[in-house]
Amino acid sequence: TGVRFSLPPPAAFGRLFSCFKLLTMTPQIREKMKVYLLDTNVYLTEVSSIYNYGKASIAIPSMVLDEIDKHKHRQDTAGLNARSTNRVLDKLRTKGSLLKGVALGRGKGKIFVTHYSSEYLPAGLKESETDNKILACAIKLMREGNNVIVVSRDLNMRVKCDSFGIDCEDYKPNKALKSVDKLFDGIDEVEIPEAVLEAFYNGDDIFLPDQDKKQYPNQFLVLKSLTNAKNSALCRFVDVSKPLKRIYKQEKIWGLTAKNKEQQFAMDLLFDDSVQIVSLTGKAGTGKTLLAAACGLEQVINGSTYDKLIITRPVQPMGRDIGFLPGSLEEKMMPWIAPLRDNLEFLFGDKMALDMHMDQGEIEIEAMTFIRGRSISNAFMIVDEAQNLTAHELKTIITRVGHGTKLILTGDIQQIDNSYVDAESNGLTHAVEKFKDYEIAGHVTLTKGERSKLASLAAEIL
């Protein structure tokens, strides 16, 4: 006919086919196209976060890669996670193209990088803000037919997402338990016949009758009579094949005596050589660190059970950091170890005596910064404020323990200064829950404050 037809370029056919395919999909199939877009703070919290979303795909905005790279020189957990994330992504890159998408493994979705385009930036938002660019990336993916969910630990970011109709949720780190109320406390009450309780008082070997609840190794029991609740006894459960172990009240341990049954339980564990790791939790003023330090001094200096006492704590400030500290290494560490010295000076009652034992190498007080690479043998080691450690950091510390060393973890899981962990995900909580099934471990939750009436009241009402 003499009429010329102008055919579109081949690339245009591909775009048209993609649009046709998207439009002809059934609603059921479209709902299954789920994409999680993770904010920078998620990668800095947990490296394995990309593997926690099943068959859904993971989208990484390109500006998030820049944000991660800015944190790689930090000397804390966030810096470690930034470096580890870069290594994970580099390894995935060798299996395919991050632009097109790389499979995360069997039963997992794909991970891909998405790029920012200003045409998707919501009106009124500044283009210079990284969070706004991430929102634009989420809107871009939504318009491409994906069911997008933004995951962020930033409260304002989640508010922004919701204000623009973007599904969003908080990231829940790897938690040791669902609720802090379910944390193992190491103590249980058991009702037994009066005759069995009398036999226990008479010194006979008593085995725990069958119970509905599971008992854990080194769990302390308060035995109560079925007929008279006022009759009770304290003991420690070791194993169903072993008799209940009696609790002997330690008198005047470095000038201290247990003031309640929880402190008595703690002392029992602290003096048991077969229990290699002990965790003590409780609110401020319950005597966690002081008890551990007193029992350690008694066994190092008076008992010669261990060669030295090591007390350490993480370098984690409360509130705003004051920045770099002047002076030598020892002078820089002094603000961090001052609370530990306070406890030891109280026990010695003499600063010069403490300094003398430190000079002799019997007592070491240090921050946790330089513990990697050490192998600590035949020592009584206390890690104070362990609730500020991540599970990875605590694993690093525990793997430093050599032959003959007893490790004590103390902390209050309700007072956490590390922004990357919470009451359910910190290292101390992980240690309590993961070690409770083993005979070499023991745990006690101290409940009664003994520091002062004011401290106890503040811990309760504030």
Side-chain angles (χ1 to χ4, degrees), residues 35-53 57-99 101-102 104-105 108-116 128-135 137-138 149-158 168-175 314-317 320-321 323-324 367-373 388-397 399 416-422 425-427 430:
V35 176
Y36 284 93
L37 191 150
L38 308 187
D39 198 0
T40 308
N41 45 52
V42 176
Y43 296 98
L44 299 182
T45 299
E46 197 164 271
V47 180
S48 62
S49 56
I50 60 176
Y51 298 100
N52 294 340
Y53 294 95
S57 294
I58 305 295
I60 309 178
S62 55
M63 69 286 309
V64 168
L65 296 176
D66 284 336
E67 290 291 314
I68 293 172
D69 197 60
K70 291 178 182 178
H71 292 275
K72 68 181 181 182
H73 296 296
R74 292 174 56 172
Q75 299 301 313
D76 56 4
T77 303
L80 172 65
N81 289 337
R83 295 188 294 273
S84 300
T85 298
N86 283 334
R87 285 193 289 268
V88 169
L89 294 177
D90 187 56
K91 186 176 180 180
L92 289 170
R93 182 184 62 83
T94 62
K95 300 178 180 179
S97 170
L98 286 175
L99 179 61
V102 181
L104 291 171
K108 302 291 183 182
K110 290 185 176 182
I111 184 169
F112 64 93
V113 174
T114 182
H115 298 280
Y116 165 73
S128 58
E129 295 289 336
T130 302
D131 285 354
N132 297 340
K133 291 182 178 180
I134 295 175
L135 286 177
C137 289
I149 302 174
V150 175
V151 182
S152 177
R153 303 198 70 189
D154 185 350
L155 179 63
N156 187 60
M157 180 64 167
R158 299 199 299 271
C168 55
E169 62 183 45
D170 189 9
Y171 178 70
K172 303 298 183 183
N174 183 19
K175 296 180 180 291
V315 179
Q316 185 70 47
R320 186 179 296 275
D321 197 352
F324 292 101
M368 204 172 292
T369 310
F370 309 106
I371 196 170
R372 186 181 292 275
N388 284 320
L389 297 170
T390 65
H392 174 80
E393 289 170 335
L394 188 62
K395 179 180 179 180
T396 301
I397 295 168
T399 53
I416 297 177
D417 302 311
N418 187 344
S419 59
Y420 292 97
V421 296
D422 55 26
S425 65
N426 67 85
H430 273 276

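Predicted model only: the values in this text are computed from it and were never measured. FYI, the numbering just counts along the sequence from 1.
- With sequence neighbours excluded, no residue forms a side chain to side chain donor-acceptor pair (under 3.5 Å) with K110.
- Going from atom SG of C168 over to atom CG of L37 covers 11.5 Å, rounded to the nearest 0.5 Å.
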*Stepwise side-chain contact (heavy atoms from CB on, under 4.5 Å) check, N388 with N426*: CA-CA 7 Å; N388 284 320; N426 67 85; over 6 Å; no

_Show, in sequence, the C-alpha distance, side-chain angles and deciding distance for N41 and E67, and conclude whether the side-chain contact (heavy atoms from CB on, under 4.5 Å) test is met._
CA-CA 9 Å; N41 45 52; E67 290 291 314; over 6 Å; no

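- V42 is not listed as a side-chain neighbour of Y36, based on a closest heavy-atom distance of 4.5 Å or more.
- Residues K72 and D69 are paired through a salt bridge, judged by an N-O separation under 4.0 Å between the basic side chain and the carboxylate.
- Side chain of T390 to main chain of E393: a donor-acceptor pair is present (N/O by atom type, distance under 3.5 Å, no hydrogens or angles).
- From L98, atom CG reaches atom CG of L65 across 8.0 Å, with rounding to the nearest 0.5 Å.
- Rounded to the nearest 0.5 Å, atoms CD (E169) and OG (S152) are 10.5 Å apart.
- In this structure, L92 and I50 have side chains that are in contact, with non-hydrogen atoms separated by less than 4.5 Å.
- For the pair L89 and I111, the minimum side-chain heavy-atom distance is below 4.5 Å.
- At a threshold of 4.5 Å between non-hydrogen side-chain atoms, the residues L44 and R153 do not count as touching.
- Residues L99 and V113 fail the side-chain proximity criterion, which asks for heavy atoms closer than 4.5 Å.
- With rounding to the nearest 0.5 angstrom, the CG atom of L389 is 15.0 Å from the NZ atom of K395.
- Residues L80 and V47 are not in side-chain contact: their nearest non-hydrogen atoms beyond the backbone lie 4.5 Å or more apart.
- Once rounded to the nearest 0.5 Å, the distance linking CG of D39 with CG of D131 reads 6.0 Å.
- The backbone N or O of Y51 sits less than 3.5 Å from a side-chain atom of K108, completing a donor-acceptor pair.
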*asked:* Test side-chain contact (heavy atoms from CB on, under 4.5 Å) on I149 and Y53; report intermediate values, then the result.
replied: CA-CA 11 Å; I149 302 174; Y53 294 95; over 6 Å; no

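- D170 is listed as a side-chain neighbour of R158, based on a closest heavy-atom distance under 4.5 Å.
- The distance from atom OG1 of T85 to atom CD of E46, rounded to the nearest 0.5 Å, is 10.0 Å.
- Looking at I134 and M63, their side chains come closer than 4.5 Å, going by heavy atoms from C-beta outward.
- Side-chain atoms of N52 and Y171 include a donor-acceptor pair closer than 3.5 Å.
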*Run the numbers on L394 and H430 for side-chain contact (heavy atoms from CB on, under 4.5 Å), then give the verdict.*
CA-CA 9 Å; L394 188 62; H430 273 276; 5.7 Å; no

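- Taking every heavy atom of both residues into account, I58 and L104 meet most closely at CG1-CD1, 4.0 Å.
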*Output, in order, the C-alpha distance, side-chain angles, deciding distance and verdict of salt bridge (Lys or Arg N to Asp or Glu O under 4.0 Å) for R87 and D90.*
CA-CA 5 Å; R87 285 193 289 268; D90 187 56; over 6 Å; no

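- Across P61 and L38, no two heavy atoms sit closer than the pair CD-O, 4.4 Å.
- Partners of R74 according to the side chain to side chain donor-acceptor pair (under 3.5 Å) rule, which considers only residues two or more places apart in sequence or in another chain, are H71, D76.
- F112 and G101 make their closest contact through CB-CA, 3.8 Å (heavy atoms, listed as atom of the first residue, atom of the second, distance).
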